[in-house]
Number of protein chains: 2
Amino acid sequence: MDPRGELKPARRRGLASEVADRLREAIYAGVYAPGAPLREVELSAALEVSRGPVREALLVLEREGLVQSRWHRGTTVTRLTAADAAELHSLRGALEELAVSRVAGAGEARLSPIAEVVTRMADTSDAHAMVGLDIAFHDALYAAAGHRRLEQAWQGIRCQVHLFLLTRLDAADDDYTRHVSEEHQELLTALRTADTKTATALFDRHREHAYTLLSTTP
Amino acid sequence: MDPRGELKPARRRGLASEVADRLREAIYAGVYAPGAPLREVELSAALEVSRGPVREALLVLEREGLVQSRWHRGTTVTRLTAADAAELHSLRGALEELAVSRVAGAGEARLSPIAEVVTRMADTSDAHAMVGLDIAFHDALYAAAGHRRLEQAWQGIRCQVHLFLLTRLDAADDDYTRHVSEEHQELLTALRTADTKTATALFDRHREHAYTLLSTTP
DNA sequence: CTATGTCTTGATGTTAACATTCGGACATCG
DNA sequence: CGATGTCCGAATGTTAACATCAAGACATAG
């Protein structure tokens, strides 16, 4: 009669989060290409919602770095330059080092959500879905760190990383798609067995690999 | 006839940012204590603005971690626990290491904004103002790093750090107020002369000092 | 006396109309 | 012909009214 901890508090979300989700997916799907304008009236008409929730959703996406808005000049989908990629890479390095140091050697109870993502990676061939799982893996890592603010900092760049991966992988580079699965498998075993030092080194190499691969290609 | 770089692009801000600034100051001033509710109608009446901009401002403050809102349950000023302080401390360590590594040894042109803050510290005795300058010093550091996303990540915790300092220093601990000025002076000289390693070590000690001082006191 | 159900109240969430602003097209003047 | 000035349209910013929701007071049944 006292299921403490078994039930998460029930949250009800408003229209704004709903709209934000739809827009995020649309941007990932390429409906709105980088640089394309996101007009409030258009979106509110398409989503059958008033402009209020749309504005709130755009604020959320701006915080996530997916769009950029200027005063009275509308919002457009972020265009990621090489300099942006470098910023994402270096900041992610700092964040992930902290995350790995807190997760490495943790009990299986905390690692199992990460393991589950790796499992799902095994039977996935679609590049688009694979990128989603790649991000999901790191989401699970940050979640396992048990550090709310670290997680929020990651959420501040995670969508940009996602978008960057998608745009650089568009119908190309199946070199990535083939190796990601096993590479993350290695990362997981490093988290399970190795100490912090070797684990962070492996994560470093992982990011470096992806970064150089995707930054030099186009 | 071509003053490139001398003039920054003129930005015009809306009511929402104005409201956000006022609310931030009000929270710092203690008008709204931690845990106190921030009612939209109240605020819009007091600020003579409609609820739209107020809602936007509250979203901004929520992103900064100063307030927390739940669906249909209103927003309250964040109450910082010991665990929160630990989170702020560790995340700040990760961010500031990256920032210092990018700023250490930089030219005087980039360091001068930081130096100016240190100068202003010298002739300041008011504790409230000193805390503001403390934060301003680190703002300048992150700005000098020339890393937009790093700066944004800092902005995600900077207001909480500010609030934490203020609430723990309330009419006490002039041990802090006396030493901050010279301590930051040392940090600046470290940025100027020393290499990355010693500079980061000094910044580490600086944060550690403040953290242990303020976490054990109350 | 406890537990359930209803109601009221005071807030937030949503909407649609109004006001303001930016950028470009057009006309005008040197 | 080039530069300046004016106007217009289309978008965003703001407002106030409407709809919805959650928490507590109260009444009621067991």
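The figures here come from the full heavy-atom set of this structure, side chains too, leaving out hydrogens, waters and symmetry mates. Here the structure is a predicted model, which is why all the values come from computation and not from measurement. All chains are named by letter (A, B, ...) in the order of the sequence lines, taking the proteins before the strands, and each is independently numbered beginning at 1.
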Asker: Give the rounded distance in Å between these two atoms: CG of A/Leu59 and P of C/dG13.
Answerer: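 Nearest whole value for this atom pair: 14 Å.
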
Asker: When the distance from CZ of A/Arg13 to C1' of D/dT20 is rounded to whole Å, what number comes out?
Answerer: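 Those two atoms, CZ and C1', are 18 Å apart.
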
Asker: If you check every side-chain atom of B/His72, which of C/dT14, C/dC22, C/dG13 has the closest atom?
Answerer: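 That would be C/dG13.
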
Asker: Rounded to whole angstrom units, what separation is found between the CZ atom of A/Arg12 and the P atom of C/dT14?
Answerer: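 Distance check: A/Arg12 CZ to C/dT14 P gives 11 Å.
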
Asker: Can you tell me the distance, in whole Å, between the CG atom of A/Leu15 and the P atom of D/dA19?
Answerer: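 That distance rounds to 16 Å.
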
Asker: Using side-chain heavy atoms (C-beta onward) and a distance below 4.5 Å, is B/Asp139 in contact with B/Trp154?
Answerer: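 Heavy-atom side-chain distance check passes, below 4.5 Å.
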
Asker: Verify side-chain hydrogen bond (donor to acceptor under 3.5 Å, both in side chains) between A/Arg24 and A/His162, making sure each step is shown before the conclusion.
Answerer: CA-CA 10 Å; A/Arg24 217 178 285 118; A/His162 198 154; over 6 Å; no

Asker: Give the nucleotide from the list D/dC21, D/dT14, D/dA11 with an atom nearest to the side chain of A/Trp71.
Answerer: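 Output: D/dT14.
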
Asker: Tell me which residues in residues 40-55 of chain B put a heavy atom below 4.0 Å from DNA chain C, sorted by number, or none.
Answerer: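 Heavy-atom contacts with DNA chain C come from B/Glu40, B/Val41, B/Arg51, B/Arg55.
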
Asker: Looking at B/Arg55 and B/Glu40, does any basic side-chain N land under 4.0 Å from a carboxylate oxygen?
Answerer: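 A salt bridge is present here (some side-chain N lies under 4.0 Å from a carboxylate O).
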
Asker: A/Glu56 CD to D/dG13 P: how many Å, rounded?
Answerer: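 Those two atoms, CD and P, are 14 Å apart.
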
Asker: So A/Leu38, base contact, sugar-phosphate only, or nothing? Heavy-atom distance under 4.0 Å.
Answerer: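 A/Leu38: backbone/sugar contact only, no base atoms under 4.0 Å.
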
Asker: Please determine whether a side-chain nitrogen of the Lys or Arg among B/Arg158 and B/Glu64 lies less than 4.0 Å from a carboxylate oxygen of the Asp or Glu.
Answerer: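 Salt bridge: no.
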
Asker: From CG of A/Leu58 over to P of D/dT12, roughly how many Å is that when rounded to an integer?
Answerer: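 It works out to 8 Å between those atoms.
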
Asker: With a 4.0 Å cutoff (strictly under), does any side-chain N or O of B/Arg73 reach OP1 or OP2 of C/dT12?
Answerer: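 For B/Arg73, the contact criterion (side-chain N or O under 4.0 Å from OP1 or OP2 of C/dT12) is not met.
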
Asker: Between atom CZ in B/Arg39 and atom P in C/dG10, what is the gap in whole Å?
Answerer: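 Atom CZ in B/Arg39 sits about 11 Å away from atom P in C/dG10.
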
Asker: Under a plain distance cut-off of 3.5 Å, with no hydrogens placed, do A/His72 and B/Arg12 share a side-chain donor-acceptor pair?
Answerer: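 No, no side-chain donor-acceptor pair sits under 3.5 Å.
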
Asker: Do A/Leu80 and A/Thr167 have side chains that approach each other closer than 4.5 Å (heavy atoms only, starting at C-beta)?
Answerer: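 No - every pair of side-chain heavy atoms lies 4.5 Å or more apart.
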
Asker: Considering only NZ, NE, NH1 and NH2 on the basic side and carboxylate oxygens on the acidic side, decide whether B/Arg207 and B/Asp204 come within less than 4.0 Å.
Answerer: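 The answer is yes: the pair qualifies as a salt bridge.
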
Asker: Using whole Å, what does the distance between atom P of nucleotide C/dT21 and atom CZ of A/Arg70 come to?
Answerer: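 The distance from CZ of A/Arg70 to P of C/dT21 comes to 17 Å, rounded to the nearest Å.
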
